[in-house]
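The structure appears right after this line, and notes come after that.
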Amino acid sequence: MNEIISYFSTIPSSHRSLILVGGITIFWLIENSFPLFRMQYKKWPHAGINFFFTFTTIVVNFILAFILIRTASWTIENHFGILQWLPEIPVWLYTIIGLLLLDLIGAYLAHFVQHKFKYLWQFHLVHHTDIWIDTTTANRHHPGESVIRFIFTTLGVLIVGSPMWMVFLYQSLSVVASQFNHANISLPEKLDTFLSYFIVSPNMHKVHHHYVLPYTDSNYGNIFSVWDRLFGTFTYLHKDQLIYGVDTHMKLEENNRLKNLLKIPFEKSRSFKNS
């Protein structure tokens, strides 16, 4: 465990980039060999759009990284946050609790809130417009959503009181987990179901990308599935019934053109369940 802490305390930016690129590459190769669906689409042009949003996400996080670093340092220096208030416990337990709480606030809560507030949904909608879900979809986030997610991550670091090495570890796990559960891969159904009791499995997350409610408003988790099960947002839908996308933007010119995707958050909302 000490080796892991030491590594993520000083992890080079090049290694973090390698985790991102390596994950996409591995799952890309697997989904080409063992696809969940044989989708009729041009994989590279589709990936190009999603890679653009991956790049903008990296830029946003890079520009704002100093806020995250200062927040983590402040919590340690001022003994602030849940982890800092815990009695002395084994480091492995300390790490698991920290990762669970970061995932709750930085991923589950951020995701849930974006589905419940009209203005935030307009940014997150860009992610849901993808009608060909594969591993590149994982980072298909409008730059505005990247800022929103960064705010929740920083809030999580503040509330949890997590050191920076744990933040880097969480972000690395988060990237790979998201690439995994978005990947167009076919796992044995029993294995996928077993995994879904602990982590967000591919079939579990694909339900969230079904094009109509109530499925769109379910399975918000990113790494750990416990939060959906605990808060009653877990839903099951057999993979044969899945239709990807969102019912308000099913036309190709709306969901497969970069210029249109960038404009979606600033257009008049076509429908919203809470309006």
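The first residue of the sequence shown is numbered 1, and numbering continues consecutively from there. Everything numeric in this text was worked out from a predicted model, so none of it was measured.
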For [X] versus [Y], what's the shortest heavy-atom pair and its separation?
| X | Y | result |
| --- | --- | --- |
| W165 | S9 | CB-OG, 3.3 Å |
| I131 | G245 | CG2-CA, 3.9 Å |
| I11 | S172 | CD1-OG, 4.5 Å |
| N222 | N181 | O-ND2, 3.1 Å |
| V60 | P143 | CG2-O, 4.2 Å |
| S218 | T235 | CB-OG1, 3.2 Å |

Can you measure from [atom1] ([X]) to [atom2] ([Y]) and round to the nearest 0.5 angstrom?
| X | Y | atom1 | atom2 | result |
| --- | --- | --- | --- | --- |
| L101 | I159 | CG | CD1 | 9.5 Å |
| N184 | I30 | CG | CD1 | 12.0 Å |
| N255 | H249 | CG | NE2 | 9.0 Å |
| L252 | N260 | CG | CG | 11.5 Å |
| S178 | I223 | OG | CD1 | 9.5 Å |
| T153 | I105 | OG1 | CD1 | 10.0 Å |

Is a side-chain donor-acceptor pair under 3.5 Å present for [Y] with [X]?
| X | Y | answer |
| --- | --- | --- |
| T71 | T154 | no |
| H124 | H141 | no |
| N203 | S201 | no |
| H208 | H182 | no |
| N139 | T57 | no |

Would the distance check show the side chain of [X] and the main-chain N or O of [Y] forming a donor-acceptor pair, the cut-off being under 3.5 Å?
| X | Y | result |
| --- | --- | --- |
| Q179 | F27 | no |
| W227 | L100 | yes |
| D228 | Y220 | yes |
| S174 | Y170 | no |
| D103 | L99 | no |
| T10 | S6 | yes |
| T137 | D134 | yes |
| Q84 | I76 | no |
| T216 | H210 | yes |
| H238 | D240 | yes |

Fill in: Geometric cation-pi criterion R229 and F234, 6.0 Å radius, 45° cone
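Pair R229/F234 counts as cation-pi.
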
Fill in: R16 charged N/C atom sitting above F168 aromatic ring, 6.0 Å / 45°
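No; the conditions do not both hold, so R16 does not lie above the ring face of F168.
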
[X] ring center near [Y] ring center (under 6.0 Å):
| X | Y | result |
| --- | --- | --- |
| H128 | H115 | yes |
| H127 | H209 | yes |
| W132 | F37 | no |
| Y108 | F231 | yes |
| Y41 | H46 | yes |

Worksheet item: Charged N to carboxylate O under 4.0 angstrom, K116 versus D217?
Response: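 Judged by the 4.0 Å cut-off on N to carboxylate O distance, K116 and D217 do form a salt bridge.
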
Worksheet item: Is E77 salt-bridged to R70, going by a charged N under 4.0 Å from an acidic O?
Response: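 No, E77 and R70 are not salt-bridged.
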
Fill in: Listed partners of W44 passing ring-ring contact (aromatic ring centres under 6.0 Å, His included), at least two apart
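Partners of W44 by the ring-ring contact (aromatic ring centres under 6.0 Å, His included) criterion, ordered by chain and then number, come out as W28.
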
Fill in: F194: ring-ring contact (aromatic ring centres under 6.0 Å, His included) partners, not counting sequence neighbours
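If we apply the ring-ring contact (aromatic ring centres under 6.0 Å, His included) test to F194, skipping adjacent residues, the hits are F198.
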
Worksheet item: Which residues satisfy the salt bridge (charged side-chain N to carboxylate O under 4.0 Å, His left out) test with R149, sequence neighbours excluded?
Response: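 Result, salt bridge (charged side-chain N to carboxylate O under 4.0 Å, His left out) vs R149: E145.
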
Item to complete: Fit a plane to each ring of H111 and H205, take the angle between them on a 0 to 90° scale, and name the class: parallel (under 30°), tilted (30 to 60°) or perpendicular (over 60°).
Response: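 Ring orientation, 0 to 90° scale: tilted.
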
Around atom [atom1] of [X], are there more than 12 heavy atoms from other residues, nucleotides or ligands closer than 6.0 Å?
| X | atom1 | result |
| --- | --- | --- |
| K251 | NZ | no |
| F62 | CZ | no |
| Y236 | OH | yes |

